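Every chain is numbered from 1 and lettered A, B, ... according to where its sequence line falls, protein lines coming before strand lines. This is a predicted model, so every value here is computed, not measured.
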Amino acid sequence: MKDHIVSSFNEELKELAGRVVEMGGLAETLVHDAVSALLRQDRELATRTIAADRRLDNMQAELEELCISVIARRQPMASDLRDIIAAMRISNDLERVGDMAKNIAKRTLAIESEFNNKQLAVGVEHMSDLALEQLKAVLDAYTSGDLEVVQRVHLRDDEVDALYTSLFRQLLTYMMEDPRSITMCAHLLFCAKNIERIGDHATNIAENIYYMISGNQLPADRPKTDELADSSAV
Amino acid sequence: MALEMTTDTESAMDTTISAPPAVSAEGETLKMRGRDVKVFYGDKQALHGVDLDVRKNQVTALIGPSGCGKSTFLRCLNRMNDTIDICRVEGDILLDNDDVYDPRIDVVELRARVGMVFQKPNPFPKSIFENVAYGPRIHGLAQSKADLEEIVASSLQRAGLFEEVKDRLDEPGTGLSGGQQQRLCIARAIAVSPEVILMDEPCSALDPIATAKVEELIDELRQNYTIVIVTHSMQQAARVSQRTAFFHLGTLVEEGLTNDIFTNPKDQRTQDYITGRFG
C-alpha cells in the first residue's frame, strides 16, 4: 500500500502495529510461563508471571490511548480506520489473554498438594500447546496479512474446545473417585477453562484480522457444537 | 411564439406523469439519471461517459480531487454548463423521465425544479425578504402579497434562519454573517419548491458552527427534497450523505452506500484518495 501524504500519520499507524506485535509477544510468553509454572510447580516463575501481567495491562491502556488520539486527530477512513479499530480490539483480547495467564499462575501458587498426576499434566500441556500455537498463528497473520491462516485458526478452535471437554470429564472422574483431590482438580479445571478461553481470544483476534484486511466479517460457518450441553456444566 | 414554447414545455413535462418512475435494484426511486455523460470544454474532455443515478429523498455526495469532474457533472444536472460557451454535453440526463437537455425544456423552469446553492454565499444585493421572494414572484407561485409573505416565512423557517432574521427582513441580505447568508441562499433555493437541490461545496467558506447548521439543515431537507452535494471534505460527505460517488480524472470510479465507501471501498483509487494516499 502507498504511504500517506502526511508522513506522521504513517508513523503513527506503524507505531500502533508495532505495539500490537509487542503485546502479542508478551502475551505468548505469559501463557507459556504460566503453564510451565503450573506443570513444574515453579512458584518463583508463577510470581514473575503475575507481575509481568501488569506490564501487559499498561501496554493495552497506552495503545488504546494512542488509538483514540489518532482517531480524534486524523479522522481515519477505510483501511486506516479498520487498522486502528483492529489494533484496539486485538490489544483488548491480548490483555485478556494475559489475565488468563495470570489466573493460571495464581492457581499454581494456590495448589498446595503435589501435582503428580502424569495423565492430567499431559492433557493440560497438550491443550496449552494447541492454544499457544493458535495464538502464535494469528499474531503472525497480523503481520503477514495471510487470510488463509486466519481462517484456519478460526476453524481449529474446536480442537481446543474438544480437549477441554475431555479434560473436564477426566477431572470429574478423579474428583468422584477421591474427594481429597477436589481442591486440586477444581484449580486444574479453572486452569483448563482459562486455556480454552485463550483459544477463544485467538479466534477473536482471527476475526478482527479478517475484518481489518478484507473489510468484511469472517463468514460464520464454524459449526458450534456444544459438547458440554449434556453434562449440565460449563 | 412564447405561448407555443410554454405548450411544448408542458407537453414534454406531461410524459413525466404518465410514465412510471425509474427504480434502482433495491426498489428506490431514481430522481435523476445520468447515462454516458460526456462533457467537453472546447477540445478538452472533462467527463468520459459517466453513468450515475440520484435517488429520491437521499443525499448523494460527489467527491474526488480537484479537476476530477465532480462539479462538471453537478452542473450538468440543471444545465448550469449552458452558460459556458465552449462547453458541450453528450449523453442523457434525465429528471424523472424528462430529458434535461431536450430543446423543448425551458431552462428557467428546469432550474426551478433543480435548484442550486454555491460555494460562496451569493445573496442578491437586496433585502432578506426580496432575496427569498424573488423566485416565487417571477415563477408566479404567489397569488397575493400575503401568499408571498407566507412562502418567504416558511422558506426561511425550513432553512433554519427565520428565528434569527424575522425582525429584520427588510435589511440587506449581504449584511448577514457568512453562515446566515448561505442559509439565506438555501431558503432562496427552496422558495420555488424545487425537487432537487444541487450544492457545490456549500460549507467551504463557513466556520465549523455554521457548517454544522447547514449539515443539520441538509439532513432535514432530505425529507422533502433530493440533494446532490459536491464537497472536498470527506468527513462532511461521510456525515451528510447516504450515497457517495468518487470521481477521478473525469470518470466515475465508484459509487455506493456512504457507509461502504468510507469503511470498505472496493476500488484502490477510492481507498487511496479517502485515506490521504493520493499521488
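Note that OG of A:Ser79 and CD of B:Gln268 are 8.0 Å apart. Values are rounded to the nearest 0.5 Å. Atom CG of A:Asp3 and atom CZ of B:Arg277 lie 7.5 Å apart (nearest 0.5 Å).
In the displayed structure, B:His232 atom NE2 is contacted under 6.0 Å by more than 12 heavy atoms of other residues, nucleotides or ligands. Atom CD of A:Glu65 has 12 or fewer neighbouring heavy atoms from other residues, nucleotides or ligands inside a 6.0 Å radius. Residue B:Lys266 places its NZ atom among more than 12 non-hydrogen atoms of other residues, nucleotides or ligands, all under 6.0 Å distant. Under a cut-off of 6.0 angstrom, the local environment of CZ in B:Phe118 is crowded, with over 12 non-hydrogen atoms contributed by other residues, nucleotides or ligands. Enclosure of atom CZ in B:Arg35 by more than 12 non-hydrogen atoms of other residues, nucleotides or ligands within 6.0 angstrom is indicated.
No side-chain heavy atom of B:Thr263 sits less than 4.5 Å from a side-chain heavy atom of A:Met77. Between A:Lys2 and B:Thr275 the shortest side-chain heavy-atom distance does not fall below 4.5 Å. Under the 4.5 Å side-chain criterion, counting only non-hydrogen atoms from C-beta, A:Gln75 is not in contact with B:Ser233.
Heavy-atom pairs under 4.5 Å with chain B peak, among A:Ala78, A:Pro76, A:Gly215, at A:Ala78.
With a 4.5 Å cut-off on non-hydrogen atoms, B:Gln271 touches chain A through its side chain but not through its backbone.
Annotation: salt bridge (Lys or Arg N to Asp or Glu O under 4.0 Å) contacts of A:Asp93 (sequence neighbours excluded): none.
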